[in-house]
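Let me begin by presenting the structure, written as structure tokens, before commenting on it.
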Amino acid sequence: MNNQLIHKAIQAVCTKLFDKQQQVEMSFACLLAGGHLLIEDKPGLGKTTLAGAISHVLGLTFKRIQLTSDMLPSDVLGVSIFQPNSADFKFFQGPIFTQLLLADELNRGTPRTQSALLEAMAEQQVSIDGQTLQLPSPFFVIATQNPTDDAGTFPLPDSQLDRFMVSISLGYPSADAEKKLYESEFLNQQKTKLPALISAQQLNAMQETIAKIHANQEVKDYLHSLVLQTRDNKLFVNGLSPRAGLALFRLSQALAYIANRDFVIPEDVKNAFLPVASHRMRTLTIQQNPASLLKTILNETRIP
Amino acid sequence: MAKIQLTKYLLSSKQIFWILLSVTISVLPHLPRLPLWFPILLIGVILSRWLTAIKQTKPLPKVIIILITLTAFITIVYFQGFKLNREISVTILAAMTVLKILETNTKRDAWMVVTLCYFVILTRFFYSQDLLLVIYLFLSVLIITHTLFILQHDNKKDFIDKRELKQTLGLLATGLPLAVLFFLFFPRLGSPIWGSPDFFGNGKTGIGDSMSPGSISQLFSDDSTAFRATFKGTIPNNSDLYWRGPVLWDFDGKTWNTDKRSTSLQTFITNNDTDSLISYEVELEPTGQKYLFALDYVKTAPADSTLKADQQLITENDINQLRHYTALSQFKTYNSNELLSPEDFARLKYLPPSFNPKTKALIQQWKRQVRSPLELINKILTHFATDEFYYSYSPPLLMGDTVDQFLFETKSGFCEHYASAFTVMMRAAGIPARIVTGYQGGILNKDYLLVKQSDAHAWAEVWIQNKGWLRVDPTSAVSPLRVEQGSQALIRQNSRNWLDNSWSRKLGERYDTIRHNWNKWVREYNATKQKAIFKVIGFDSVNGRAIIIVLGTIILITTLLVLFFLYINRPKRKQSPYDKIQKKFKQLFLKNGLTAEENLGILEFSKKATEYSPQSENSIQQFTTLYLRLRFAETENKQVNLDNRLLKIIIKIKNELRTKGIKE
């Protein structure tokens, strides 16, 4: 199996973002699995750098929106403007008509603007002025979000969160990696734009391969038992939806692909579980943290 | 992580509900004998805890809980005295169990409270082992055990879930045979460790040591059991069943009292005609008094009691628990076993001077018409039978010269009126006489004679010169039915109140049968009966060895049964051969000193193993790749012998690990 291409892309992104191999792999796995990616973290940890690097490497048409609280849906979707010459309305496409959309600081946008993205992310189409317009394919959204308790943020509704396949957070870099940032070499490196390594066709082909990756009954059982446990656990408000379960499965396949295997192993599922589940779960009380509860589930479930 | 560990043990409102229910239900039967402030404390604590549970309000501060606890403790000690006795211990136990609710926040606390509830329930047996109470306690054990269940498996939303209750019932039902076996074979004490006043015996009416008009007729409406008698032979006729109780010597014009001075002496006259000896066993309900009841005339006194000269059976202590005794009686017309002194005769003839002048005059007149005491007795009885006298359990109230009023005005009375009037008349004639109280008759209930409080009776005894005491029952002259067929026959003719009908009486008697059997088989199961059971299974004596063998066998069989069912119902997890081989692989390193969490994937584990033993890196890699491919990859035909390759790698790693050990 030829996955050299994807490894090259991962390596390229890693030159921009030190010491975050795991998160970069997870981001690529998400895109390979056909899902949208949510990067959650505090400002200044490299969210936008990561999103930008991925978009460059993938060689897709790329647009970026920076959400603020005074942004309107038309700023995202596009607007029809009256043409005096033809006495007609002409539609001017918004930034959403692209293959890769980077929605920076998504939760700073108002709920109205956020919901404009909803249909696009789920159906790959937008409805404007009674017309339904198809979005280009492939269509990816990479969104970044600040911690919800920061000032000036609107928490994303559950329905929108569920449309993101994966959420990752970057965290602080290691001491060595951080010191590298201070060197002058790094500044030059950041200035150069990464070349496009993967084309849209290649990406489509990879996605097709991934969907065919084999998972045997034991793996599926393990996956399903994890999903069931999120539903049975009383400390959670809700359990994982079937859509989330499917996302978990696709992501596991993508991880297997990146690991150069043509079959899924339980550890792929285990690694995919937290990124898929943690942003979808809410706990009953504030004292509990969904991620650590999910980790407990992982630790207590027998892995085949 | 620490926070999660804690929340795992927090209690849901359903669990709190069951804990509160358990505590309430276990404290409830104690309430009547606990201090008056106790119910207030109980309600207060429960409301407070329940509010904290559902409204999520803040629990009471620690300081306040400590203050309440100290106050409760000091109040108990202040009012009940600082003694280490049962009363105070039980009160403190109940109070502290209730107060513990206030600081029940985690499962650990909850388990403690629930265990305390079992203890509180148990202490109720110190006071009574009545059947009704046992049924109540069984129900509360069900609730407490269900609380334990809820603490472990809190899955269902409904507070009361049928399926959950069913599981608890199943648990208890499984435990029941074991409990029965332990009850039968666990070493028994000769007598209970607690010498206790029976709570239900308190305040109960019954035959007392004095009698005034109305004191027996009020018992007539009480259908509760006085005692039960089981006869060895045939049951005598109803008219012979005079159950003798307190003998009343002294009359003050209104009330008759027992002989507290006990001056008469017993003479022993050997009587050889054993034909008419009657042997029977009596099961006496607690009375709170010292009298035992036995048939006239008692031949030998039961153990732990004395037979006084006037044929009263007296025990040393108040009868506050169910009491069993065997008695031997003999029917005879005259009882001459009593030696009376001149003072005794004077007392037996004494009447208060100013009372009942009309009666005295009448007797003086009659005395001149008869030649012997017996004739006088007959004259009086005939007078009762022929004149307009009525037998009534609700006679008019008598004041002042009670006998005069009864004989000349009201002419309506219950047995105590007739016995009293008759005895006064005898004494007026200068004939020694006294009153005997007790029970008359009884009804046959299955295989025993049931004597109810409504069978209470009073009759007279007259001293006939040279012959002895003669029993005279004036009631029989007025109402022969009462004596020949018993009070039940009267009740059948006229119901006493609107609740009184044959159906309810039948029900009462049926319930008494159950209670009788309960007493016989459970409450009175003692060392002797245990010995008999041991004999049945082949042990001649109940010694340590026998008990250990029997109990050991029971425990062994139970354990085997439990293990068997656990084995049958073990979680059906298919152990694939790969699981075994994976375990083998992991064990290699774990035994060698590697520490790793459970449920680690094989890749993660291999990473750790490689760090631990770098020289085996290749073999570990080889194993992991092969293992994953064999187990999870899609291949057309999985060859079994490939497993041997995995085993071979394991052996290789084993050797590598060994050489590592040598190098070090």
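Chain naming here is simple, since letters A, B, ... match the order of the sequence lines and numbering starts at 1 in each.
Between B:A633 and A:F263, the closest heavy-atom pair is CB-CD2, 3.2 Å. Scanning both residues, B:E604 and A:K270, for their nearest heavy atoms gives OE1-NZ, 3.4 Å. When all heavy atoms of B:N599 and A:R302 are compared, the closest pair comes out as OD1-CA, 3.0 Å.
Listed in order of number, the residues of residues 218-228 of chain A that approach chain B to under 4.5 Å between heavy atoms are A:E218, A:V219.
Taking a 6.0 Å sphere around CD of B:Q621, one finds it holds 12 or fewer heavy atoms contributed by other residues, nucleotides or ligands. Sparse packing is recorded around CZ of A:R282, with 12 or fewer heavy atoms of other residues, nucleotides or ligands lying under 6.0 Å away. Residue-environment remark: NZ (A:K180) stays at or below the threshold of 12 foreign heavy atoms within 6.0 Å.
Taken to the nearest 0.5 Å, the CZ atom of B:R631 stands 8.0 Å off from the CG atom of A:N216. Distance CD/A:E267 to CZ/B:F632: 9.0 Å, rounded to 0.5 Å. With values rounded to the nearest 0.5 angstrom, A:D262 atom CG is found 5.5 Å from B:R629 atom CZ. The CG atom of A:N299 sits 8.5 Å away from the CG atom of B:L600 when rounded to the nearest 0.5 Å.
Residues B:Y578 and A:P304 have side chains not in contact (no heavy-atom distance under 4.5 Å, counting atoms from C-beta outward).
With sequence neighbours excluded, the residues forming a ring-ring contact (aromatic ring centres under 6.0 Å, His included) with B:F149 are B:H146, B:H153, listed by chain and number.
Neither the backbone nor the side chain of A:T283 comes within less than 4.5 Å of any heavy atom of chain B.
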